[in-house]
Asker: 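Could you have a look at this structure, given as structure tokens, before my questions?
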Amino acid sequence: MSNHRIFIFTVFLAVGITGFLTAQESRLNLPVFPAVDEVLERFSQGEMDGYGAGEMLFWNDKTDTESIRTVYDELASQGVKQTFFYPTFGLASEYLSEEFFREFERSLAEAKRRGMKLWLYDEYSWPSGFAGGKLIEALPTAAASSLAFSGLAVDTDTALPENALAVYRREDRLAGGVYCDMMQKGVTEKFIELTHEGYLKHSGGEFGKTIPGIFTDEMTLCRCGPFPWTDDLPEWFEKKFGYSIFEVLPLLSDGADTVLPDGRTVTSFEARHHYLSTLLDLIVQRWSKPIFRFCEEHDI
């Protein structure tokens with residue numbers, strides 16, 4: 001197989017919206033898009049450089065400068081102006097290693113030379129958040145956890161203590177490791193350090209220029225079970241809703257109601273809503289805002 005065939009191409013419609021942002025406090029606020037008639041007119045006049053096909057370059061084999069150059073020549077000849085640097089299954093170099101970043105630097109140089117944009121992908125496979133297994137190596141306590149209700153007996157050679165709360169089974173390994181608890185304090189910051197700052201270090205100052213942004217791929221909470229959990233979730237829950245989540249945990253999986261010690265009745269619908277609302281608060285504070293701050297700081 002020739003080096004020319006190392007990439008798998010799919011068409012992805014990338015929309016460059018920077019030119020339509022309103023003058024607001026944050027450059028990441030909602031954009032203002034032109035009307036359809038204006039879009040058609042501007043396309044006909046060749047003024048819509050921010051719109052067009054963007055090719056996802058699935059990085060799944062060894063590369064060299066010549067093979068990367070050949071691919072970019074073909075893309076440029078077809079009018080493609082945006083690409084995605086997308087490491088995925090089959091990656092020959094170790095993810096986030098110096099060899100990996102050398103390949104990234106070569107791709108960035110070819111994109112820049114042709115005036116093309118190079119978008120980044122923040123993970124090795126899906127979902128975003130575990131840095132291809134690197135995060136769990138750096139933070140072993142960051143493995144995701146969840147609650148599950150089961151009436152099944154557990155076979156074990158060792159008797160469980162009377163106050164045992166749960167029996168754990170490790171499963172659902174991803175490309176390079178287990179998924180991480182993105183609601184846990186400090187985990188997203190470590191993810192940014194490993195991934196985003198790695199690319200930043202090797203970008204040659206092209207963040208906000210040749211590199212307009214980073215594609216994040218569906219960070220999730222439910223890879224290991226139906227009811228995601230993190231250690232300080234009970235504290236957040238009680239602070240927001242005024243009662244202990246342990247009073248209503250069974251309601252997350254059945255349709256009963258319960259009466260709290262203060263006499264208030266909580267329905268299963270309310271319990272699930274309160275639980276999900278707490279998850280949302282945690283993920284906004286612990287995932288979304290750190291990512292947002294990094295993007296704001298580096299103009300992407």
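For this chain, numbers begin at 1 and follow the sequence in order.
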Asker: With a 4.5 Å heavy-atom cut-off, do S277 and F237 have their side chains touching?
Answerer: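 Not touching, per the 4.5 Å side-chain cut-off.
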Asker: For the residue pair L108 and S203, what are the closest heavy atoms and their distance?
Answerer: CD2-O, 3.3 Å
Asker: Using a strict threshold of under 4.0 Å (side-chain N to carboxylate O), is an ion pair present between K240 and E235?
Answerer: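 Not counted as a salt bridge, because no side-chain N and carboxylate O are separated by less than 4.0 Å.
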Asker: Are F191 and W287 close enough that their ring centers fall under 6.0 Å?
Answerer: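 Ring-ring flag for F191/W287: true, centres closer than 6.0 Å.
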Asker: Check D281, T230, D232 against R286 for a side-chain hydrogen bond (donor to acceptor under 3.5 Å, both in side chains) and give me the one that passes.
Answerer: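 That would be D232; it is the only one of D281, T230, D232 passing the side-chain hydrogen bond (donor to acceptor under 3.5 Å, both in side chains) with R286.
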Asker: Same cluster or not: are V248 and F269 linked, directly or through other Ile, Leu, Val, Met, Phe, Trp or Tyr residues, by side-chain heavy atoms under 4.5 angstrom apart?
Answerer: no
Asker: For R114 and D73: C-alpha separation, side-chain torsions, deciding distance, then whether side chain to side chain contact (heavy atoms under 4.5 Å, CB included) applies.
Answerer: CA-CA 9 Å; R114 294 166 177 79; D73 282 342; 2.5 Å; yes
Asker: When you measure from the side chain of E123 to the backbone N and O of A131, does any donor-acceptor pair fall under 3.5 Å?
Answerer: yes
Asker: For S107 versus I68, what's the shortest heavy-atom pair and its separation?
Answerer: CA-CG2, 3.9 Å
Asker: Pair Y86, D217 - check side chain to side chain contact (heavy atoms under 4.5 Å, CB included), show working.
Answerer: CA-CA 11 Å; Y86 196 119; D217 196 3; 3.9 Å; yes
Asker: Does the pair R102/E105 count as a salt bridge with the N-to-O cut at 4.0 Å?
Answerer: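 So R102 does not pair with E105 through a salt bridge.
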Asker: Hey, what's the ring geometry for F101 with H202, parallel, tilted or perpendicular (30° and 60° as the breaks)?
Answerer: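 The rings of F101 and H202 lie parallel, inter-plane angle below 30°.
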Asker: Any non-hydrogen side-chain atom of F215 less than 4.5 Å from a side-chain atom of M56?
Answerer: yes
Asker: Give me the one residue out of K112, R113, R106 that meets side-chain hydrogen bond (donor to acceptor under 3.5 Å, both in side chains) with E110.
Answerer: R113
Asker: Side-chain contact test, heavy atoms from C-beta onward, threshold under 4.5 Å: evaluate it for L147 versus Y275 and give yes or no.
Answerer: no
Asker: Under 3.5 Å, is there a donor-acceptor pair linking the side chains of S67 and D64?
Answerer: yes
Asker: Heavy atoms only: give me the nearest L91-W59 pair and the separation to one decimal.
Answerer: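 Looking at all heavy atoms of both residues, the closest pair is CD1-O, 3.4 Å.
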Asker: Let me see the working for Y124 and T195 under side chain to side chain contact (heavy atoms under 4.5 Å, CB included), right down to the final yes or no.
Answerer: CA-CA 10 Å; Y124 173 41; T195 305; over 6 Å; no
Asker: Are the side chains of H196 and L200 in contact, using a 4.5 Å heavy-atom criterion?
Answerer: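 Of all side-chain heavy-atom pairs linking H196 with L200, none is under 4.5 Å.
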Asker: Which atom names give the shortest non-hydrogen contact between S268 and D257, and what distance separates them?
Answerer: N-OD1, 3.7 Å
Asker: To the nearest 0.5 Å, how far apart are CD in Q184 and CG in L139?
Answerer: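 Here the interatomic distance stands at 7.5 Å.
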Asker: Do F85 and Y121 make the cut of ring centroids closer than 6.0 angstrom?
Answerer: no
Asker: Taking all non-hydrogen atoms of both residues into account, name the closest pair between G129 and C180 and its distance.
Answerer: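 Closest heavy-atom pair between G129 and C180: O-CB, 4.1 Å.
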Asker: Are P290 and T188 close enough that some pair of their side-chain heavy atoms sits under 4.5 Å apart?
Answerer: yes
Asker: The test is salt bridge (charged side-chain N to carboxylate O under 4.0 Å, His left out); show your working for E55 and K81 and say whether it passes.
Answerer: CA-CA 9 Å; E55 295 289 352; K81 298 180 179 179; over 6 Å; no
Asker: Report the C-alpha separation of D122 and T216 in whole Å, then their side-chain angles, then the decisive distance to 0.1 Å, and conclude whether the side-chain hydrogen bond (donor to acceptor under 3.5 Å, both in side chains) test is met.
Answerer: CA-CA 6 Å; D122 69 357; T216 189; 2.7 Å; yes
Asker: Hey, what do you get for CG (D231) to NZ (K185), rounding to the nearest 0.5 Å?
Answerer: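 Answer rounded to 0.5 Å: 13.0 Å.
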Asker: Distance alone, cut at 3.5 Å: any donor-acceptor contact between the side chains of T63 and E103?
Answerer: yes
Asker: Evaluate the side-chain proximity of F294 to E197: yes if any heavy-atom separation is below 4.5 Å, no if none is.
Answerer: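 Yes, close enough: below the 4.5 Å cut-off.
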Asker: Looking at A143 and V178, what are the two nearest heavy atoms and their distance?
Answerer: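 That closest heavy-atom pairing would be CB-CG2, 4.2 Å.
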Asker: Are F89 and F58 close enough that their ring centres sit under 6.0 Å apart?
Answerer: no
Asker: Between the side chains of K209 and E206, is the shortest nitrogen-to-carboxylate-oxygen separation below 4.0 Å, so that they form an ion pair?
Answerer: no
Asker: Could you measure the distance from the CD atom of E297 to the CZ atom of F292? Nearest 0.5 Å is fine.
Answerer: 12.0 Å
Asker: Determine whether F84 and L120 make a side-chain contact, defined as any pair of heavy atoms from C-beta on separated by less than 4.5 Å.
Answerer: no
Asker: For the CD1 atom of I211 and the NZ atom of K117, what is their distance to the nearest 0.5 Å?
Answerer: 10.0 Å
Asker: Between L57 and L75, is a side chain to side chain contact (heavy atoms under 4.5 Å, CB included) present by the stated rule, with each step listed?
Answerer: CA-CA 11 Å; L57 304 184; L75 293 177; 4.1 Å; yes
Asker: When rounded to the nearest 0.5 angstrom, what distance separates CG in L249 from CG in D254?
Answerer: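 Rounded to the nearest 0.5 Å, the CG-CG separation comes out at 11.0 Å.
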Asker: Check whether any side-chain heavy atom of F130 sits under 4.5 Å from a side-chain heavy atom of I136, and report yes or no.
Answerer: no
Asker: Atom CE in M183, atom OG1 in T278: separation rounded to 0.5 Å?
Answerer: 10.0 Å
Asker: Donor-acceptor pair, distance only, cut-off 3.5 Å: does the side chain of R264 make one with the backbone of V259?
Answerer: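 Not confirmed, R264 side chain does not pair with V259 backbone.
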Asker: Ion pair present between R69 and E74, side-chain N to carboxylate O less than 4.0 angstrom?
Answerer: no
Asker: Taking Y179 for its side chain and S128 for its backbone only, find out whether a donor-acceptor pair lies under 3.5 Å.
Answerer: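 Yes; judged by distance alone, with no hydrogens or angles, the pair exists.
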